[in-house]
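Okay, so here's the structure we're looking at.
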2 protein chains.
Amino acid sequence: MDLDTVRTFVAAADAGQFQEAAAELAVTQQAVSKRIAALERHVGVRLFTRTPRGAELTIDGQAFLPHARELLRVAERAVASVRTGHRPLRVDMLTSRSAASGLMRGFHRAHPEIDLDVVMLFDIEKAVAAIRSGAIDASFRAVAMPGRPLPEDIASVRVLDEPLQLLVGPAHALASARSVTVAQLAGHRIWMPGLVPGTEWTAYYDDLVAEFGLTIEATGPNFGSDALLDTIADTPTLATFMGGQTRLVWPAGHGLRRIPVTDPMPVYPHSLLWHRDNPHPALATLRAHLAATAAGHGAAGTWVPDWAIPR
Amino acid sequence: MDLDTVRTFVAAADAGQFQEAAAELAVTQQAVSKRIAALERHVGVRLFTRTPRGAELTIDGQAFLPHARELLRVAERAVASVRTGHRPLRVDMLTSRSAASGLMRGFHRAHPEIDLDVVMLFDIEKAVAAIRSGAIDASFRAVAMPGRPLPEDIASVRVLDEPLQLLVGPAHALASARSVTVAQLAGHRIWMPGLVPGTEWTAYYDDLVAEFGLTIEATGPNFGSDALLDTIADTPTLATFMGGQTRLVWPAGHGLRRIPVTDPMPVYPHSLLWHRDNPHPALATLRAHLAATAAGHGAAGTWVPDWAIPR
DNA sequence: TATGGATACAACCATTGGTTGTGATCGGGC
DNA sequence: GCCCGATCACAACCAATGGTTGTATCCATA
């Protein structure tokens, strides 16, 4: 199906005749007739009843019309999403399961008129480069990697500390614990597939391991969260970490348990990063929104790596 | 833009390489390469970075991807809307401003999983013919026209009485009335553009006029409700009728008043019509929903034309 | 009955979009 | 260090698509 054809259909439906639609589209009446005929062949039903006084929609045509309009709307938004200049606000985040996703959903609820696009870059290096090039407008990240300070032209503000929670299956030794201390985790196998060396996400866990003597296995390919959850549910000796803000589509019948970690409570510090010179108006709106709805961060009893604390 | 091209883009993005996408789509790798290049030319940005080991999305490509998927989803629904067989439930109603529209919105909220299409046919004759032919599944109408009983194979149930309200501008003599009786309306000019002879909607007003001695002017072309509202607001001697359930997008600053009509209260009786043999599962759901949420009808003190009361 | 305005069909042709064949580039294995 | 295999891009060719012009048909209206 060709969108020019759909556009022609909508124009003809609005005009009530092919000829006027043809004039609007700057083609001949015969071309419109052919396009409509092709569309009818494609969907398999007659969309117009032709009369010597014009063409009016059949019932099928009437039913199809709103869908056709929607199709054109979506197509326009699709093109707008990559148009340089006045394009939707483009935000990068770690994963769709991170707390940043929740923040952006809240922002979208508060400002449904602002068009958003979400991308996921590899690490903070790529994110910073993309922000500087203007390819993205903002990024939710831990502010920096060990020994790599943020460049001067990138601004950042800490927006949310996301507590880590332990995820275990029903047969796990800690399954019935109401909370666990970090010290209690020593000796347990914690599995985090998909941790890629060189990312700040991995640097975070490296620090956690180094400071508290945990064992985290990053082995094995990442087959997605569904597969991870399946394995965790079925393996009594395996646990994993998960962001505490995550609203999972909870698989039924798994018996998975989420257990808060305390003493200290490891939190992943999400900051918003943006370019100081970025003039996108929606960026200012986003910053204002985050400032207004900011949850507590830097609270006592929480732990973050040294390098992730902006000074 | 061509949807086959969009499909190709999504396939290539999923596969991570053109070759595999080409195999899926049963074309050559060169064809995929050309299509992607054409799409990139169309939107004006590079969507993939080509490597000797495949092709991965650029940031623009990442932003475009969900829009592309949405585009394909919408296209599929568009085609499904006219597919004979298992198509969305297709319902006919008088106008988008009638109470039937509100009922269908309620149904959609209660059953968002059921796909709906709304069409508007000319009159009940056309609606009955469409129901018998299977072109539509149900219709919200006054059950019959004077002297034209419903055919045996069409079932109907009264679902809502919609009270008529008087709509006047701020300078109208009745502007400050809290309610008016039908008798008080005699002598006032009531304007109803767009009343087409031969429809049951017009038959309703004919009966109202005949029984209570009102003057209703149906003259002039119907330029849509906006124009009607403008005229009513500006003309001190003109009023119009409007369904009491209507949730208008109320034009600001018009000072329009809605006044209930009493003694008796004229109501427009909406019934649901359907074919007894129609097996569409969503039709049963709709009937059950309407039965469960049915508002009162046939209440004392209301008026409907004789012929509109099913016996 | 002639006319004007509408769509459909036919013939023609430029352009599009597919295939095949080939070249360039990079990573991995030997 | 070199070659092989896998990838994508480019060129040439060709069929099919989709546009235009010209014409036929239909019907409401004067």
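Residue numbers start from 1 in every chain, and the chains themselves are labelled A, B, ... in the order their sequence lines are given, proteins ahead of strands.
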Query raised in the report: For B/Gln19 and D/dA9, what is the distance between atoms CD and C1' respectively, to the nearest whole Å?
Result: 12 Å

Requested in this report: Round to a whole Å and report the spacing from CZ of B/Phe18 to C1' of C/dA24.
Outcome: 16 Å

Query raised in the report: So, the side chain of B/Thr49 versus the backbone of B/Thr58: is there a donor-acceptor pair under 3.5 Å, distance only?
Result: no

Query raised in the report: Taking NZ, NE, NH1 and NH2 as the nitrogens, is one of them in A/Asp2 or A/Arg35 under 4.0 Å from a carboxylate oxygen of the other?
Result: no

Report task. Provide, to the nearest angstrom, the distance between the CD atom belonging to B/Gln30 and the P atom belonging to C/dA24. Result -> 16 Å

Requested in this report: Please check if the side chain of B/Asp123 supplies one atom and the backbone of B/Lys126 the other of a donor-acceptor pair under 3.5 Å.
Outcome: yes

Report task. Would you please confirm or rule out a distance under 4.0 Å between OP1 or OP2 of C/dA8 and any side-chain N or O of A/Ser33? Result -> yes

Report summary line: Per the under-4.0 Å heavy-atom filter, residues of residues 2-13 of chain B near DNA chain D come out as none

Query raised in the report: What is the distance from CG of A/Leu25 to P of D/dT20, rounded to the nearest Å?
Result: 11 Å

Query raised in the report: Can you list every salt bridge (Lys or Arg N to Asp or Glu O under 4.0 Å) pair that touches residues 48-63 of chain B, not counting sequence neighbours?
Result: A/Arg90-B/Asp60, B/Glu40-B/Arg50

Report task. Quick one: sort the B/Phe241 and B/Tyr205 rings into parallel, tilted or perpendicular, breaks at 30° and 60°. Result -> parallel

Query raised in the report: For B/Met1 and C/dG17, what is the distance between atoms CE and P respectively, to the nearest whole Å?
Result: 13 Å

Report task. Would you indicate which nucleotide in C/dT19, C/dT7, D/dT20 comes nearest to any side-chain atom of A/Gln17? Result -> C/dT7

Report task. Kindly say whether B/Thr231 contributes a backbone atom to a donor-acceptor pair with the side chain of B/Thr235 at under 3.5 angstrom? Result -> yes

Query raised in the report: Just checking A/Val32: base, sugar-phosphate only, or nothing, at a heavy-atom cut-off of under 4.0 Å?
Result: nothing

Report task. Identify which nucleotide among C/dG18, C/dT7, D/dT21 has an atom closest to any side-chain atom of B/Arg35, counting heavy atoms from C-beta outward. Result -> C/dG18

Query raised in the report: Heavy-atom contacts under 4.0 Å between residues 38-64 of chain B and DNA chain C, which residues?
Result: B/Pro52, B/Arg53

Report task. Specify the separation, in whole Å, of atom CD of A/Gln29 and atom C1' of D/dG18. Result -> 15 Å

Query raised in the report: Could you give the CD-to-C1' distance, from A/Glu20 to C/dG4, as a whole number of Å?
Result: 17 Å

